[in-house]
**Q** 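Structure in structure tokens, see below.
Remember, it's 1-based here, ligands and their atoms both numbered in the order they're listed.
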Amino acid sequence: MKFRLLSLAAVVTASTFAASGAAVAAHDTNPSAKVASYSYGLNTVQAPTISGAEGSTRITSLPNGKIRVQVEASGLSPNLPHAMHLHGVDGPATDMACPGAGADSDGDGFVSVPEGAPFYGGILASLTTSGGTGGADALALDRFPVADADGHLTYSRTFTNDSALANADTVQVVVHGIDVNGSGTYDLDGAGEAPLVPGSGVPFEATMPVLCGGVAN
Ligand SMILES: [Cu+2]
């Protein structure tokens with residue numbers, strides 16, 4: 001009796017595998033309408049004298065309700081973590097943009113986060129390498145990708161973030177962090193304190209937008 005039950009279980013398992021195999025094959029020839037992929041170039045936000053970085057990004061909405069974000073960038077400040085976010089507006093489709101001419105409204109020579117946000121919107125997701133991807137993770141520098149010694153950065157993560165998924169077709173990808181004075185770290189000597197969080201002691205260098213790209217390209 002016991003043997004028969006085991007045999008039955010084996011048959012059920014085998015047919016389950018067969019069914020899922022067929023489902024996968026069907027997806028290969030008939031992609032789900034929910035799969036959408038968007039790729040964009042990433043362009044420098046600051047004056048070319050401050051950063052000549054460049055890159056590209058791909059955002060993919062997956063049918064399992066997750067979102068995959070891939071970023072490839074070069075010309076970044078080497079050996080430093082770079083905060084990266086999906087920026088946009090959470091709600092009805094709103095096409096934002098990357099900071100253009102005149103974005104440096106206070107004329108200090110740098111485009112800051114408060115100066116960029118009117119163009120690209122708030123943070124919908126933090127592109128961390130592990131853990132949370134929400135607004136609270138926006139400056140978790142110990143969990144953002146680090147550029148190598150040549151200033152090259154590669155990132156790919158598939159994660160669950162409903163806000164990012166819902167707005168995947170209208171977001172801007174923004175990469176932050178410029179070691180303005182070439183000290184090898186983000187410090188207050190480079191460009192002072194981040195305008196976004198006065199009194200925090202967070203270096204402006206760590207928050208400065210470097211690259212931006214998205215639906216508005
Ligand atoms: Cu950002």
**Q** Would S126 and R143 count as having a side-chain donor-acceptor pair, cut-off 3.5 Å?
**A** no
**Q** Working to the nearest 0.5 Å, report the span between CZ of R157 and CE of M84.
**A** 10.5 Å
**Q** When the ring planes of H87 and H176 are compared, do they come out parallel, tilted or perpendicular, using 30° and 60° as the limits?
**A** tilted
**Q** Run the side-chain donor-acceptor check on residues 66-75: report pairs under 3.5 Å with partners two or more places apart or on a different chain.
**A**
unit_1	atom_1	unit_2	atom_2	d
E72	OE2	H152	NE2	2.9
E72	OE2	T154	OG1	3.2

**Q** Using modelled atom types and a 3.5 Å cut-off, is there a donor and acceptor pairing between side-chain atoms of N167 and backbone atoms of A164?
**A** no
**Q** For a quick test of reading the model, state the closest non-hydrogen atom pair linking T60 to S37 and the distance between them.
**A** OG1-OG, 3.4 Å
**Q** If waters are left out, how many protein N/O/S atoms lie within less than 2.8 Å of the Cu ion (ligand 1)?
**A** 3
